[in-house]
Amino acid sequence: MPLFGTDGVRGLANGPLTADLALTLAQATAVVLGQGRTAEARRAAGKRLTAVVARDPRVSGEFLSAAVQAGLASSGVDVFDAGVLPTPAAAFLIADIDADFGVMVSASHNPAPDNGIKIFARGGVKLPDVVEQRIESAMEWDKLQPTGAGVGRIRRFADAEDRYVVHLLGSLEHRLDGIHVVLDCAHGAASGVSPETFRDAGARVTVIGADPDGLNINDGVGSTHLSQLAAAVRDAGADLGIAHDGDADRCLAVDADGNVIDGDQIMAILAVAMKQRGALARDTLVATVMSNLGLHRAMADHGIRVLQTAVGDRYVLEAMNEGGYSLGGEQSGHVIMSRYATTGDGLLTGLQLVSEMARTGKSLAELASIMTVYPQILVNVKDVDRSRAADDEGVQAAVAAVTAELGDSGRVLLRPSGTEQLVRVMVEAADEATARRHAEQLADVVRERLAL
């Protein structure tokens, strides 16, 4: 299996993801990302390469971050240690100080025993596949081993959080005065910076899930566990709730009644608002194939085109960069606003969402009503030959039959897993019973036709 997955390197800390691996990966990163004209120009001017390193608060992040910093410094890279900060903060800081690259140690929404290493290039952008493959290969190459004055220094990035907060506040066109928001920080990287930023923006803030102890990250809280947030919003009589995940690159919400507002609905609200003020580039929203049919219908009603990509925020970002688009994201809450960020930013998204409530004077439920969410049923069919899903005549005939029966009122999607012998069957329809019936019917066909 390749070392890099869809979002960096991830695994059980001190299982597959050891300190040795983190150090070697950092050394290889210095070799590969230390190439190029800009890096050579810096060396010619007598300057060392620089990197920003940050982490989420899970306990294993302490030794993994130390290993990453050691690997970089031993390769002659000066390290700015930003401490515990969200992934989008790390990406912003790389660009803000013109660092050569950066590393985020986090496993996002995974439980505490897991961890991960995300690498960003100059400008705070995620790496393309070919560069990740080159770094993986470089782990077997000779390392950079300067001595004496040539080794890198590790310094505390003292004003890292302040820089990020100022950046976020500068993105707002309307303050949040008068709006009561409950923030669920997932006991993660946003636990300090998110409440501070929302309060500075004028909101009245109630906080849950903001007491990280290194082991409780994502444990029953955050964007993958919204029931506590919904209850807290209702109990507090708040206007809405915002949920981050462990590294705060996601944002999901609940309205005043505790109803979930997912990434598709958030994108719909922001897209319409941006189009109204002329900020939606080419009147286009970039979304993945998993986005709800209701999003497509709502955008069509407002004269907005939806450009579809494969699942994964990196593919959304690639399409946005290629086409010069300003808004994109995923149903899961990764929302990218390219004017302000190079990756999904849960704080930025939440601030912009609440700002739109302040601007319009509408409740979140009113804003979200521009989109009707179609019931979406997903069935994972295990132990099947995923490689034949696109070519098997019986499977494709069944898909065609269901597609024809649903017509304009639904949609079918088959997605082979990228890592295991599994096919995901997704069906949308006007009502849940219809969607479930067709999803289970197709799952049975896949199970029979593609059995190993």
Side-chain angles (χ1 to χ4, degrees), residues 1-36 39-40 42-43 48-56 58-85 87 90-91 93-94 99-108 110 112-122 124-155 157 247 314 419:
M1 295 295 294
L3 181 64
F4 286 88
T6 56
D7 197 14
V9 177
R10 193 174 296 185
L12 179 66
N14 249 6
L17 186 54
T18 63
D20 286 344
L21 176 62
L23 185 143
T24 305
L25 182 63
Q27 292 173 321
T29 299
V31 170
V32 173
L33 298 187
Q35 301 172 351
E40 293 302 326
R42 289 198 177 188
R43 290 194 184 94
R48 277 195 290 263
L49 302 183
T50 57
V52 173
V53 177
R55 64 180 179 88
D56 71 26
R58 67 190 74 213
V59 64
S60 61
E62 297 172 5
F63 78 78
L64 289 171
S65 176
V68 167
Q69 293 180 47
L72 295 176
S74 70
S75 302
V77 178
D78 283 343
V79 176
F80 289 84
D81 178 8
V84 174
L85 276 180
T87 291
L93 291 167
I94 294 164
D100 293 280
F101 53 91
V103 179
M104 178 71 190
V105 178
S106 174
S108 190
N110 283 31
D114 293 337
N115 217 321
I117 298 174
K118 304 179 184 182
I119 302 170
F120 293 88
R122 178 184 299 279
V125 298
K126 291 188 177 182
L127 304 180
D129 292 342
V130 65
V131 177
E132 290 183 339
Q133 292 163 7
R134 199 177 306 148
I135 290 173
E136 186 168 347
S137 297
M139 294 175 71
E140 305 296 328
W141 303 349
D142 291 338
K143 306 301 184 288
L144 301 173
Q145 292 183 297
T147 58
V151 301
R153 306 294 296 271
I154 300 174
R155 297 180 175 89
F157 198 153
D247 69 337
R314 65 187 299 172
T419 58

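Count residues from 1 along the sequence.
Counting all heavy atoms, side chain and backbone alike, P113 lies closest to L12 at O-CD1, 3.5 Å. The shortest heavy-atom contact between A99 and T50 is CA-OG1, 3.3 Å. Between A51 and L72 the shortest heavy-atom distance is CB-CD1, 4.0 Å. Between A30 and F101, the closest heavy-atom pair is CA-CZ, 4.2 Å. Considering every non-hydrogen atom in both D56 and S106, the closest pair reads OD2-OG, 2.7 Å. The shortest non-hydrogen separation linking V52 to A82 is CG1-CB, 4.3 Å.
Residues passing the ring-ring contact (aromatic ring centres under 6.0 Å, His included) test with F4: none are found, sequence neighbours excluded. For D78, the side-chain hydrogen bond (donor to acceptor under 3.5 Å, both in side chains) partners two or more places apart in sequence, or in a different chain, are R48.
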Derivation of the side chain to side chain contact (heavy atoms under 4.5 Å, CB included) call for L3 and L21: CA-CA 10 Å; L3 181 64; L21 176 62; 4.2 Å; yes
What verdict does the side chain to side chain contact (heavy atoms under 4.5 Å, CB included) test give for V53 and S65, after you've listed the backbone C-alpha separation in whole Å, the side-chain angles of each residue and the deciding distance to 0.1 Å? CA-CA 7 Å; V53 177; S65 176; 3.7 Å; yes
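Counting heavy atoms from C-beta outward, L25 and V103 have side chains that stay 4.5 Å or more apart. Taking 4.5 Å as the limit, every side-chain heavy atom of W141 sits out of range of all side-chain heavy atoms of Q27. Taking the side chain as every heavy atom from C-beta outward, F157 and L85 never approach each other to under 4.5 Å. Using a 4.5 Å heavy-atom threshold, the side chains of R55 and V84 count as touching. A heavy-atom distance below 4.5 Å is found between the side chains of L33 and V131.
Rounding to the nearest 0.5 Å places CG of L17 at 9.0 Å from CG of D114. Here CZ of R10 is found 11.5 Å from CD1 of I117. Values are rounded to the nearest 0.5 Å. Here CZ of R314 is found 4.5 Å from CD of E132. Values are rounded to the nearest 0.5 Å. The OG1 atom of T87 lies 3.5 Å from the CE atom of M104; values are rounded to the nearest 0.5 Å. Considering OG1 of T29 and CD1 of I119, their distance stands at 3.5 Å, rounded to 0.5 Å. Residue D247 holds its CG atom at 4.0 Å from NZ of K118, rounded to the nearest 0.5 Å.
In summary, D7 and K126 engage in a salt bridge, as defined by a charged side-chain N under 4.0 Å from a carboxylate O.
The salt bridge (charged side-chain N to carboxylate O under 4.0 Å, His left out) pairs that include a residue from residues 140-154 number zero, where partners must be two or more places apart or lie in different chains.
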